[in-house]
Amino acid sequence: MAKKVRVRFAPSPTGGLHLGGVRTVLYNYLFAKKYGGDFLVRIEDTDQSRYVAGAEEYIFDTLKWCGLQPDESVQHGGSYGPYRQSERKASYRQYAEQLVKDGYAYYAFDTTEDLEKMRLEHKTEQNPSPQYDHTVRMKMSNSLVLSTEETQNKLSEGTRHVIRIKMPEQETVSFTDMIRGEIHFETSLVDDKVLLKADGMPTYHLAVVVDDHLMQISHAFRGEEWLPSAPVHILLWKYLFGLEHMPQWAHFPLILGPNGKLSKRDGAKYGFPVFAMNWTDPKTNELIEGFKEKGFLPDAFINLLALLGWNDGSEQEIFSKEELVEKFSMERVHSAGAKFDYEKAKWFNHEWIKRYEVGSLKSEVKTLFSNNNITVSDDALLEKVISLVKDRCHLLPDFVQQSSFFFQAPATLDTDAVKPKWNEDKKNFFIAYAEKLGSTEWNAAGLENSFKDLATEKSIKPGELQLPFRIMLVGGKFGPPVFHIAELLGKDETVSRINTAINLFS
RNA sequence: GGCCCGUUCGUCUAAGGGUUAGGACACCACCCUUUCACGGUGGUGAUACGAGUUCGAAUCUCGUACGGGCUACCA
């Protein structure tokens, strides 16, 4: 049977595209692709109050960067649209009314104040959050209590109302979760969830079931936070379309921050990104930095995400997207939540940078340099530089720190590291070396040999001269081996930097 | 409070009745390197607790504790 999975997004990136959200997308994608199925993306924009401008574009940009392109969506087309829930509004009411007709749901006319009053009245220490359930529904204003006539009158008067599911009083709802196995719920403990809101929009509960049916979804995967509302969805499937047509469920474990479920606040608080890409909240202007901008490669990002809650049973940790598709299996997804570890995340990125060919890194590094006002005119040089420094870079911006001095002379030199041990002998050595460079074979080994020969000749330990040389070329105590740097810098530049620095040190 | 899910090194995890409980990140030491890193070698470090089943339990069962999620006309 053809497999089809879907992922849904609220119209706010904070509701969907933090680490946990992207991982949910990833697992859905991997599962679909593994079995040659389709991956569908739906926008669940039913709550106007939470709508954030630009969020939808941001969601698709993120999917694109991650390489998790949907087969069906608002942007990619498909024959099961519309893929935006607000555009499907018309069809939900008929399903809700069908449920009322069949006795599985009812109209409720309670105002916000009525509900608050009810909660206040029933609130005790034993029951801090009272539910609208079988214990109170007969005391409220709804079509279960009102006569048919009264109900009809209210409806024709246009009284604001919602449609609620009528949870059975004594029933056990069971289903099989692909990750957790059999799960049971007592319906008497579940509340009468709103299915259709007063504005005519469905809640998630109704929408997910109706849309999954209409879009012929075969597998419904989502985060563990949805587990408590699963019995509502199971019952809706039973009432509306039949349990035999219900998709198979799986609830993924949560990704945890240092304190429970990862929140967007955790990023700022603990200094690591929680979103795939930069997001500026249009209301607060607050910028939340993304993994992309922080310098992560998409391959590394999905790799580390995939391993947060799944592994293939071997000791392999680095997987390409293709390997993930091949090796992914729902059976090996864990049931326990995983705490996100930024240090390990950076390790994944480092591994990927090391594995990347120079050519694949080139455009990223170029952009990075131009953002830092460093002009790269020589592509061949850039390639050599990348291959020389990439093993030392954990995040893309490390390239700037590790190699900007190849393209422009250091603005300041760490003279403090040199001056205390600087003397006439050393000065003379470098004057002589700069001259000797004219006739030196121009490669790292040749440079090193002539450097050491000259040092011996002048009776200075080469080791004492290497640090000053490095500071002259690089500006500080970092970077690749100094003779490799000189080789790539070229004769003129090397001599020029030596001469500039001699004046500075003296 | 109620319901649901969970519990192996600090973190991510392997081991689906029999292993000196394995690997990775982080940390520490040494080596390499007269820069900073990378890399290499080694080390510290875990089955939440209590019963039960069994010749034998991290693994199966029950209880306890702890953690997390949900408890909205949000998703």
Side-chain angles (χ1 to χ4, degrees), chain A residues 8-12 14-16 44-47 49-50 108 110-112 115 119 123-133 160-164 177 179-180 183-186 188-191 193-199 201-205 207-208 222-231 251 253-254 256 258-261 304 307-318 334-348 350-351 354 389-394 398 401-402 414 417 461-467 469-471 474 476-482 485:
Chain A
R8 91 314 121 168
F9 287 106
S12 139
T14 57
E44 311 220 334
D45 56 343
T46 56
D47 185 359
S49 70
R50 281 183 54 161
D110 314 279
T111 62
T112 312
L115 292 174
R119 292 199 175 102
K123 190 170 173 174
T124 62
E125 216 160 277
Q126 300 304 309
N127 184 13
S129 30
Q131 308 191 112
Y132 197 121
D133 60 16
R160 279 179 73 82
H161 65 277
V162 301
I163 293 179
R164 286 179 181 271
D177 184 283
I179 296 168
R180 289 153 219 280
I183 300 176
H184 312 274
F185 294 89
E186 294 304 323
S188 62
L189 271 4
V190 182
D191 62 335
K193 287 263 184 296
V194 169
L195 265 20
L196 197 75
K197 299 189 269 187
D199 63 3
M201 284 286 198
T203 58
Y204 172 82
H205 308 296
V208 76
R222 75 243 277 205
E224 193 187 343
E225 70 270 30
W226 289 103
L227 210 37
S229 52
H251 291 86
L254 265 11
L256 279 2
N259 290 305
K261 190 177 165 187
L304 72 93
L307 273 280
L308 224 44
W310 170 89
N311 70 81
D312 76 338
S314 74
E315 280 173 3
Q316 183 177 351
E317 295 200 85
I318 304 299
H334 306 148
S335 45
K339 202 176 279 185
F340 174 68
D341 179 1
Y342 189 45
E343 293 306 318
K344 182 109 186 200
K346 284 191 282 193
W347 174 81
F348 274 107
H350 182 212
E351 291 300 312
K354 284 196 287 182
V389 305
K390 74 190 182 88
D391 285 4
R392 359 173 33 105
C393 298
H394 291 248
D398 292 346
Q401 151 82 357
Q402 289 293 332
D414 183 3
K461 284 186 204 150
E464 289 186 23
L465 294 162
Q466 278 198 29
L467 183 65
F469 192 31
R470 166 174 298 281
I471 304 286
V474 174
K477 290 193 273 187
F478 57 87
V482 70
I485 296 173

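Numbered from 1 within each chain, the chains take letters A, B, ... in sequence-line order. For clarity, every value in this text was computed on a predicted model and none was experimentally measured.
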Problem set entry | Inter-nucleotide C1' distance (U59(B), A46(B)), Å rounded | 15 Å
Exercise. Looking across every strand, which nucleic acid part, if any, lies under 4.0 Å from R164(A) by heavy atom: base, sugar-phosphate, or nothing?
Worked result: sugar-phosphate
For this session: Give the nucleotide from the list U13(B), G6(B), G2(B) with an atom nearest to the side chain of S335(A).
Result: G6(B)
Exercise. Is K344(A) side chain donor-acceptor paired with the A26(B) base, going by distance under 3.5 Å alone?
Worked result: no
Exercise. Starting at CD of E343(A) and ending at P of A26(B), how long is that distance when rounded to a whole Å?
Worked result: 7 Å
Problem set entry | Nearest-Å distance once atom C1' is located in both U8(B) and A58(B) | 7 Å
For this session: Pick base, sugar-phosphate or nothing for F185(A), based on heavy-atom distances below 4.0 Å to the nucleic acid.
Result: sugar-phosphate
For this session: Check step by step if salt bridge (Lys or Arg N to Asp or Glu O under 4.0 Å) holds for D341(A) and K339(A).
Result: CA-CA 6 Å; D341(A) 179 1; K339(A) 202 176 279 185; over 6 Å; no
For this session: Starting from C1' on A37(B), measure out to CZ on R392(A) and report it in whole angstrom.
Result: 4 Å
For this session: Return the value, rounded to whole Å, for the distance between atom CD of E224(A) and atom P of C70(B).
Result: 10 Å
For this session: Give one of base, sugar-phosphate or nothing for A198(A), where a contact means two heavy atoms less than 4.0 Å apart.
Result: base
Seminar exercise, completed: Taking U35(B), C4(B), A72(B) as options, the one with an atom nearest any side-chain atom of I183(A) is C4(B)
For this session: Could you check whether N259(A) gets within reach of a base, just the sugar-phosphate, or nothing at all, counting any heavy atom under 4.0 Å?
Result: nothing
For this session: For S314(A), report the nucleic acid contact type (base, sugar-phosphate, nothing); a contact means any heavy atom under 4.0 Å.
Result: nothing
Exercise. Nearest to the side chain of D391(A) - C25(B), C38(B), C4(B)?
Worked result: C38(B)
Problem set entry | Side chain of E225(A) (C-beta onward), nearest among C38(B), C73(B), G69(B) | G69(B)
Exercise. Are any of the side-chain heavy atoms of I179(A) and H251(A) separated by less than 4.5 Å?
Worked result: no
For this session: Provide the distance between the two P atoms, one in G63(B) and one in G6(B), to the nearest whole Å.
Result: 14 Å
For this session: Mind checking P480(A) for me? I need base, sugar-phosphate or nothing, with any heavy atom below 4.0 Å counting as a touch.
Result: base
Problem set entry | P spacing across the pair G43(B) / G23(B), given as an integer number of angstrom | 9 Å
Problem set entry | K354(A) NZ to H394(A) NE2 distance, which is reported to the nearest 0.5 Å | 8.0 Å
For this session: Give the rounded distance in Å between these two atoms: NZ of K123(A) and P of G1(B).
Result: 14 Å
Exercise. Hey, does F348(A) have a side-chain heavy atom less than 4.5 Å from the side chain of L307(A)?
Worked result: yes
Exercise. Do other residues, nucleotides or ligands put more than 12 heavy atoms under 6.0 Å from K461(A) NZ?
Worked result: no
Problem set entry | Candidate list T203(A), V162(A), I163(A), test side-chain contact (heavy atoms from CB on, under 4.5 Å), partner L196(A), passing option | I163(A)
Problem set entry | N311(A) side-chain N/O to A14(B) phosphate OP1/OP2 under 4.0 Å | yes
Exercise. Given the P atoms of G50(B) and C66(B), what is the spacing between them in whole Å?
Worked result: 16 Å
Exercise. Y132(A) has an atom OH; how far is it from atom C1' of C73(B), in whole Å?
Worked result: 12 Å
Exercise. Is there a side-chain polar atom (N or O) of S229(A) under 4.0 Å from OP1 or OP2 of U71(B)?
Worked result: no
Problem set entry | Syn or anti conformation of C9(B), syn meaning chi within 90° of 0 | anti
For this session: Identify which nucleotide among C70(B), U34(B), G68(B) has an atom closest to any side-chain atom of P462(A), counting heavy atoms from C-beta outward.
Result: U34(B)
For this session: Among U35(B), G69(B), A75(B), find the nucleotide with the atom closest to the side chain of F478(A).
Result: U35(B)
Exercise. Taking C-beta and beyond as the side chain, do E225(A) and L254(A) meet within less than 4.5 Å on heavy atoms?
Worked result: yes
Exercise. So what does G476(A) touch, heavy atoms closer than 4.0 Å: a base, only the sugar-phosphate, or nothing?
Worked result: nothing
Exercise. Given the P atoms of A14(B) and U53(B), what is the spacing between them in whole Å?
Worked result: 30 Å
Problem set entry | Pairwise C1' distance, G22(B) and C3(B) [rounded to whole Å] | 38 Å
For this session: Answer with base, sugar-phosphate or nothing: what part of the nucleic acid does K346(A) contact at a heavy-atom distance below 4.0 Å?
Result: nothing
For this session: Kindly point out which of C4(B), U13(B), U35(B) is positioned nearest to the side chain of A338(A)?
Result: U13(B)
Exercise. Is the phosphate of A75(B), meaning OP1 or OP2, less than 4.0 Å from a side-chain N or O of K197(A)?
Worked result: yes
Exercise. Within the structure shown, what part of the strands sits under 4.0 Å from L304(A) by heavy-atom distance: base, sugar-phosphate, or nothing?
Worked result: nothing
Problem set entry | Separation of atom NZ in K193(A) from atom C1' in C73(B), rounded to whole Å | 12 Å
For this session: Looking at every strand, decide which applies to V162(A) at a 4.0 Å heavy-atom threshold: base, sugar-phosphate, or nothing.
Result: base
Exercise. Would you say the side chain of D47(A) lies within less than 4.5 Å of the side chain of M201(A), judging by non-hydrogen atoms?
Worked result: no
Problem set entry | Nucleotide G6(B), atom C1' - distance to NZ of K261(A) in whole Å | 16 Å
For this session: Determine whether any donor atom in the side chain of R470(A) lies under 3.5 Å from an acceptor atom in the base of C36(B), or the reverse, and answer yes or no.
Result: no
For this session: Looking at every strand, decide which applies to R222(A) at a 4.0 Å heavy-atom threshold: base, sugar-phosphate, or nothing.
Result: nothing
Problem set entry | Rounded C1' spacing from C12(B) to U7(B) in Å | 15 Å
Exercise. What is the distance from NE2 of H334(A) to C1' of U8(B), rounded to the nearest Å?
Worked result: 12 Å
For this session: Examine U13(B): is either OP1 or OP2 under 4.0 Å from a nitrogen or oxygen in the side chain of K339(A)? Give yes or no.
Result: no
Problem set entry | Given G22(B), A75(B), C12(B), the nucleotide with the shortest approach to the side chain of L308(A) | C12(B)
